[in-house]
Chemist: 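The structure under discussion is supplied below as structure tokens; questions concerning it will follow.
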2 protein chains.
Amino acid sequence: MSAQLEPIDRSILRELASNGRCSFTDLADRVGLSVSAVHQRVRRLEQRGVLRGYSARLDGEQVGLPLTAFISLTPIDPAAPDDYPQRLQHLPQIESCYSVAGEESYILRVRVASPVGLEDLLRQIREAAKVATRTTVVLSTPFENRPPAV
Amino acid sequence: MSAQLEPIDRSILRELASNGRCSFTDLADRVGLSVSAVHQRVRRLEQRGVLRGYSARLDGEQVGLPLTAFISLTPIDPAAPDDYPQRLQHLPQIESCYSVAGEESYILRVRVASPVGLEDLLRQIREAAKVATRTTVVLSTPFENRPPAV
DNA sequence: TATGAAACGGATTGATA
DNA sequence: TATCAATCCGTTTCATA
């Protein structure tokens, strides 16, 4: 069971969600505790798995991956074992994989360098997982991965 | 024009994408440069906007937001101005907003505490943006936000 | 754009309430 | 679980190649 989160922990999480490299000193100022108390709390949140790690946010364009798409998957053989994520995880272009309720079984979010890269990826997905695909190309991203209202 | 990324910059980005709080000292060891050279490169990547910031990764369950869904939007009035993102950005449950090609105009990724929270959010989205919605509930997340293959 | 050295400040630990 | 104080280590800047 995950213990209840105290308001101070929520403040810490909120700050780190938007500013992942914030120093303990700054964090301490913001939440009104000593540096070492904040330090202890962050370590505890990491151990409990509430804090799962830290990521740099990269600009897809500048990094050479300007094309984002959603690909939804429908199994071709309904009797096949449901091991699609394992079959797909080796493809680094797939950033996220969600198992979903509804007409399709999975939704993937992918990032590629070009339309040809997307075509190539779709072929690999179909081969690796024996699925039908439906692709929705992202035109622009008004906002993405905003910190949750913790 | 965004200048071409050097291989050392790519190594730095790769490391920071998966370990956003990595120290400059560690980074320097990994890429085989001095601490101050790495420091300069990271600052330059930040200024150029290749590095857009740093985020903590939070566990949705433990943070009290166990329900994720995708909501796609179709405008009701085809003559209405396309200002949907602005109309929706005040809703903190919406983590990402993508403008897409295809049948629908936008795809949202949202996070809420419960089915009732989702119902409530859908009502707010319809009211704020005058759109029809189609919702796909996420059952589980085999993987999410993996670092891109920079 | 790289380096090493110096100065500074933040991280970490331990004793304690 | 909090604090303070001490130590340690990373960050940042600067002079230089």
Side-chain angles (χ1 to χ4, degrees), chain A residues 1-65 145 147-150, chain B residues 1-65 145 147-150:
Chain A
M1 290 297 81
S2 65
Q4 172 64 13
L5 282 182
E6 293 175 37
I8 287 193
D9 289 323
R10 293 185 183 273
S11 309
I12 291 173
L13 294 173
R14 223 177 299 119
E15 184 59 30
L16 287 175
S18 59
N19 182 10
R21 277 182 85 93
C22 184
S23 72
F24 289 103
T25 309
D26 280 1
L27 229 34
D29 285 349
R30 284 172 208 271
V31 308
L33 280 185
S34 69
V35 173
S36 41
V38 169
H39 189 261
Q40 281 183 87
R41 278 174 184 270
V42 170
R43 292 292 173 251
R44 222 174 319 127
L45 290 166
E46 287 172 348
Q47 283 178 350
R48 282 207 268 157
V50 183
L51 269 168
R52 298 169 71 96
Y54 305 88
S55 306
R57 295 186 295 266
L58 309 185
D59 183 306
E61 312 270 332
Q62 293 200 60
V63 129
L65 298 169
N145 294 329
V150 176
Chain B
M1 287 298 77
S2 64
Q4 173 63 15
L5 283 181
E6 293 175 37
I8 287 193
D9 290 323
R10 292 185 182 274
S11 308
I12 291 173
L13 293 173
R14 223 178 297 119
E15 183 59 30
L16 287 176
S18 59
N19 182 11
R21 279 182 83 94
C22 185
S23 71
F24 290 104
T25 309
D26 280 0
L27 228 35
D29 285 349
R30 283 172 208 271
V31 307
L33 280 185
S34 68
V35 174
S36 41
V38 169
H39 189 260
Q40 281 183 88
R41 278 175 183 270
V42 170
R43 293 293 174 249
R44 222 175 318 129
L45 290 165
E46 289 172 347
Q47 282 177 352
R48 282 207 268 157
V50 183
L51 269 168
R52 298 169 68 98
Y54 305 88
S55 306
R57 295 187 294 266
L58 308 185
D59 183 307
E61 312 269 333
Q62 294 200 59
V63 128
L65 297 168
N145 293 330
V150 176

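Protein chains get the first letters and strands the later ones, always in sequence-line order, with residue 1 at the start of each.
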Chemist: Would you mind reading off the distance between A:Phe24 atom CZ and C:dT12 atom P, rounded to a whole angstrom?
Modeler: 5 Å
Chemist: Take atom CG of A:Asp9 and atom C1' of D:dT1, then tell me their distance rounded to the nearest Å.
Modeler: 11 Å
Chemist: Please tell me if B:His39 has a side-chain N or O lying less than 4.0 Å from either OP1 or OP2 of D:dT11.
Modeler: no
Chemist: Rounded to whole angstrom units, what separation is found between the CZ atom of B:Arg41 and the C1' atom of D:dT13?
Modeler: 19 Å
Chemist: Is the cationic atom of B:Arg43 (NZ for Lys, CZ for Arg) positioned less than 6.0 Å from the six-membered ring centroid of B:Phe24 and within 45 degrees of its normal?
Modeler: no
Chemist: Please check the phosphate of D:dT11 (OP1 and OP2 only) for any side-chain N or O of B:Arg43 closer than 4.0 Å.
Modeler: no
Chemist: Are any side-chain N or O atoms of A:Gln62 and backbone N or O atoms of B:Arg48, one a donor and one an acceptor, separated by less than 3.5 Å?
Modeler: yes
Chemist: Between A:Ser55 and B:Arg57, do the side chains contain an N or O donor and an N or O acceptor separated by less than 3.5 Å?
Modeler: yes
Chemist: Decide, yes or no, whether a salt bridge links B:Arg52 with B:Glu46 under the criterion of side-chain N to carboxylate O below 4.0 Å.
Modeler: no
Chemist: Select base, sugar-phosphate, or nothing to describe what B:Ser23 touches, counting heavy atoms under 4.0 Å on all strands.
Modeler: sugar-phosphate
Chemist: Rounded to the nearest Å, what distance is computed from the CD atom of residue B:Glu6 to the C1' atom of nucleotide C:dA2?
Modeler: 12 Å
Chemist: Can you tell which of D:dC14, D:dT11, D:dT3 lies closest to the side chain of A:Gln40?
Modeler: D:dT3
Chemist: Expressed as a whole number of angstroms, how long is the span from B:Asp29:CG to C:dT3:P?
Modeler: 12 Å
Chemist: Would you mind reading off the distance between A:Arg44 atom CZ and D:dA2 atom P, rounded to a whole angstrom?
Modeler: 7 Å
Chemist: Using a cut-off of strictly less than 4.0 Å, decide whether A:Thr25 has a side-chain nitrogen or oxygen near OP1 or OP2 of C:dA11.
Modeler: yes
Chemist: In whole angstrom, what separates A:Leu33's CG from C:dT12's P?
Modeler: 17 Å
Chemist: Calculate the interatomic distance between B:Asp26 atom CG and C:dA11 atom P; express it in whole Å.
Modeler: 14 Å
